[in-house]
Undergrad: 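Have a look at this one before I ask anything.
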Amino acid sequence: MLHRLNPPNAGLWNGVGGHIEPGEDPHHACLREVREETGYRLQKCRFRGILTWDGFETPPGEIYLYTAAVPPSARPASCGLDHEGRLEWKPVEWVCSSAEVVSNIHHFLLPVLAKSPAQHYHFRYQGGEIIGFEIHSLTAGSYE
């Protein structure tokens with residue numbers, strides 16, 4: 001998890017991630033961002049869904065959700081993230097319940113980790129709070 005120093009979600013724990021570069025697909029963006037932010041050189045990652053939002057402090061958008069395996073003894077390296085925050089492993093139970101974690105993670109992390117079929121998770125915000133969310137199925141292979 002990344003303890004963010006900057007908006008959006010400053011002061012909260014969030015997953016690692018970033019932007020898709022021009023000419024890059026979401027899968028390769030995931031592998032690159034994980035390498036840049038943690039130092040891990042993943043060989044593969046698995047598409048787990050899409051998260052979208054509206055009404056948040058940032059314009060409406062989408063995030064592609066992926067999971068990947070790392071060695072159990074692996075420790076995240078701080079690869080130039082001092083300006084973004086600090087990395088730390090956190091127990092899943094804590095991540096799914098703590099007020100110190102970006103709140104939408106509480107709603108999608110367990111299904112994603114349980115390897116449920118990829119879903120579309122949409123969140124609606126008002127005043128920085130979730131006022132509703134919906135979960136929809138994705139067509140197999142449509143976003144991979």
Side-chain angles (χ1 to χ4, degrees), residues 1-71 74-92 94-96 98-144:
M1 299 293 291
L2 172 67
H3 190 252
R4 292 187 55 83
L5 293 176
N6 305 311
N9 299 311
L12 296 174
W13 291 92
N14 200 359
V16 298
H19 295 91
I20 299 173
E21 300 291 335
E24 190 175 48
D25 62 49
H27 178 263
H28 288 96
C30 173
L31 298 175
R32 177 185 51 76
E33 285 288 347
V34 168
R35 184 181 65 249
E36 290 175 2
E37 294 192 6
T38 70
Y40 296 139
R41 293 187 175 276
L42 300 175
Q43 298 304 308
K44 61 182 179 176
C45 56
R46 184 171 180 194
F47 176 71
R48 305 306 307 138
I50 294 177
L51 183 149
T52 58
W53 64 88
D54 60 63
F56 193 59
E57 63 185 83
T58 60
E62 67 183 13
I63 295 172
Y64 293 84
L65 302 170
Y66 286 86
T67 59
V70 295
R75 298 231 183 269
S78 182
C79 296
L81 284 182
D82 294 340
H83 65 283
E84 290 189 43
R86 79 175 187 278
L87 293 168
E88 222 175 88
W89 288 113
K90 296 289 188 183
V92 172
W94 182 85
V95 172
C96 290
S98 174
E100 297 178 52
V101 174
V102 174
S103 61
N104 61 17
I105 291 174
H106 301 162
H107 300 284
F108 71 80
L109 185 59
L110 288 179
V112 164
L113 293 178
K115 300 180 182 173
S116 298
Q119 303 285 324
H120 174 192
Y121 304 90
H122 180 74
F123 293 85
R124 292 183 313 282
Y125 292 86
Q126 187 173 44
E129 301 292 326
I130 295 172
I131 59 169
F133 70 94
E134 299 151 6
I135 302 171
H136 302 282
S137 296
L138 290 174
T139 305
S142 62
Y143 289 93
E144 298 181 56

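Positions are given from 1 along the sequence.
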Undergrad: Between Arg35 and Arg41, is any pair of side-chain heavy atoms under 4.5 Å apart?
TA: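 Yes, close enough: below the 4.5 Å cut-off.
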Undergrad: Evaluate the side-chain proximity of Cys45 to Leu31: yes if any heavy-atom separation is below 4.5 Å, no if none is.
TA: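 Touching, per the 4.5 Å side-chain cut-off.
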Undergrad: Check whether Tyr64 reaches the backbone of His27 with its side chain - one donor and one acceptor, N or O, closer than 3.5 Å.
TA: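 Not at all, since once roles are kept as given, no pair shorter than 3.5 Å links the two residues.
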Undergrad: Compare every heavy atom of Ile135 with every heavy atom of Phe133, then report the nearest pair and how far apart it is.
TA: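 That would be CE1-CD1, 4.1 Å.
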Undergrad: Counting C-beta onward and ignoring hydrogens, is there a side-chain heavy-atom pair between His107 and Ile130 closer than 4.5 Å?
TA: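 Answer yes - side chains close enough.
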Undergrad: Side-chain contact test, heavy atoms from C-beta onward, threshold under 4.5 Å: evaluate it for Trp89 versus Val70 and give yes or no.
TA: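 Yes. Closest side-chain heavy atoms under 4.5 Å.
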Undergrad: Could you check whether any side-chain heavy atom of Trp13 comes within less than 4.5 Å of a side-chain heavy atom of Ser98, counting everything from C-beta outward?
TA: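 No, their side chains stay 4.5 Å or more apart.
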Undergrad: Looking at His106 and Val95, what are the two nearest heavy atoms and their distance?
TA: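 What the structure gives for the nearest pair is CD2-O, 3.1 Å.
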Undergrad: Taking all non-hydrogen atoms of both residues, which atom of Leu109 and which atom of Val92 are closest, and how far apart?
TA: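 Looking at all heavy atoms of both residues, the closest pair is CD2-CG1, 4.5 Å.
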Undergrad: I want to check something: taking the side chain as every heavy atom from C-beta on, are Arg4 and Leu12 in contact at a cut-off of under 4.5 Å?
TA: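 Arg4 vs Leu12: side chains apart.
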Undergrad: Any chance you could measure Asn9, atom CG, to Ile105, atom CD1, to the nearest 0.5 Å?
TA: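 Between Asn9 CG and Ile105 CD1, I get 8.0 Å after rounding to 0.5 Å.
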Undergrad: Mind checking what makes side-chain hydrogen bond (donor to acceptor under 3.5 Å, both in side chains) contact with Thr67, not counting sequence neighbours?
TA: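 For Thr67, no residue satisfies side-chain hydrogen bond (donor to acceptor under 3.5 Å, both in side chains) once neighbours in sequence are set aside.
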Undergrad: How about Glu57 and Pro7: do any of their side-chain heavy atoms sit closer than 4.5 Å?
TA: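 The answer is yes, as the side chains (C-beta and beyond) meet within the 4.5 Å cut-off.
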Undergrad: Compare all side-chain heavy atoms of Tyr66 with those of Pro26 and state whether any distance is below 4.5 angstrom.
TA: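 Yes. Closest side-chain heavy atoms under 4.5 Å.
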Undergrad: Can you sort out the partners of Phe108 under ring-ring contact (aromatic ring centres under 6.0 Å, His included), two or more places apart, ordered by chain and number?
TA: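 Once residues adjacent in sequence are excluded, the partners of Phe108 under the ring-ring contact (aromatic ring centres under 6.0 Å, His included) criterion are Tyr121.
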Undergrad: For the atom pair CG (Leu51) and CD (Gln119), what is the distance rounded to the nearest 0.5 Å?
TA: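 One finds 12.5 Å between CG of Leu51 and CD of Gln119.
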Undergrad: Testing the basics here: between Leu2 and Gly85, what is the closest heavy-atom pair and its distance to 0.1 Å?
TA: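 Smallest interatomic distance, heavy atoms only, reads CD1-C, 3.7 Å.
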Undergrad: Within the supplied structure, the quantity of interest is the number of heavy atoms (other residues, nucleotides, ligands) at a distance under 6.0 Å from His19 NE2; does it exceed 12?
TA: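 Counting other residues, nucleotides and ligands, NE2 of His19 stays at 12 neighbours or fewer.
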Undergrad: Are there over 12 heavy-atom neighbours, none belonging to Glu21, within less than 6.0 Å of that residue's CD?
TA: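 Enclosed: over 12 neighbouring heavy atoms sit under 6.0 Å from CD of Glu21.
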Undergrad: Can you name the closest pair of heavy atoms from Ala69 and Leu42 and give their distance?
TA: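 Heavy-atom minimum between the residues: O-CD2, 3.8 Å.
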Undergrad: Of the non-hydrogen atoms in Ala10 and Leu5, which two are nearest, and what is the gap between them?
TA: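 Reported closest heavy-atom pair: CB-O, 3.7 Å.
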Undergrad: Would you give the length of the straight line joining atom CG of Leu65 to atom SG of Cys30, rounded to the nearest 0.5 angstrom?
TA: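 Rounded to the nearest 0.5 Å, the CG-SG separation comes to 10.0 Å.
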Undergrad: Students often mix this up, so state it plainly: with edges at 30° and 60°, are the rings of His120 and His122 parallel, tilted or perpendicular?
TA: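 Rings of His120 and His122: perpendicular, as their planes differ by over 60°.
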Undergrad: Verify, without hydrogens or angle tests, whether Glu134 (side chain) and Gly132 (backbone) share a donor-acceptor contact under 3.5 angstrom.
TA: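 Checking the backbone N and O of Gly132 against the side chain of Glu134, no donor-acceptor pair under 3.5 Å is found.
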Undergrad: So, taking the atom named CD in Glu100 and the one named NZ in Lys90, what distance separates them when rounded to the nearest 0.5 Å?
TA: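 One finds 7.0 Å between CD of Glu100 and NZ of Lys90.
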Undergrad: Nearest 0.5 Å, please: how far is CD1 in Ile20 from CD in Glu33?
TA: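 Between atom CD of Glu33 and atom CD1 of Ile20 there are 9.5 Å.
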Undergrad: Step by step, work out the side-chain contact (heavy atoms from CB on, under 4.5 Å) result for Tyr40 and Val16.
TA: CA-CA 12 Å; Tyr40 296 139; Val16 298; over 6 Å; no
Undergrad: Nearest 0.5 Å, please: how far is CD in Gln126 from CZ in Phe56?
TA: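 Here the interatomic distance stands at 13.5 Å.
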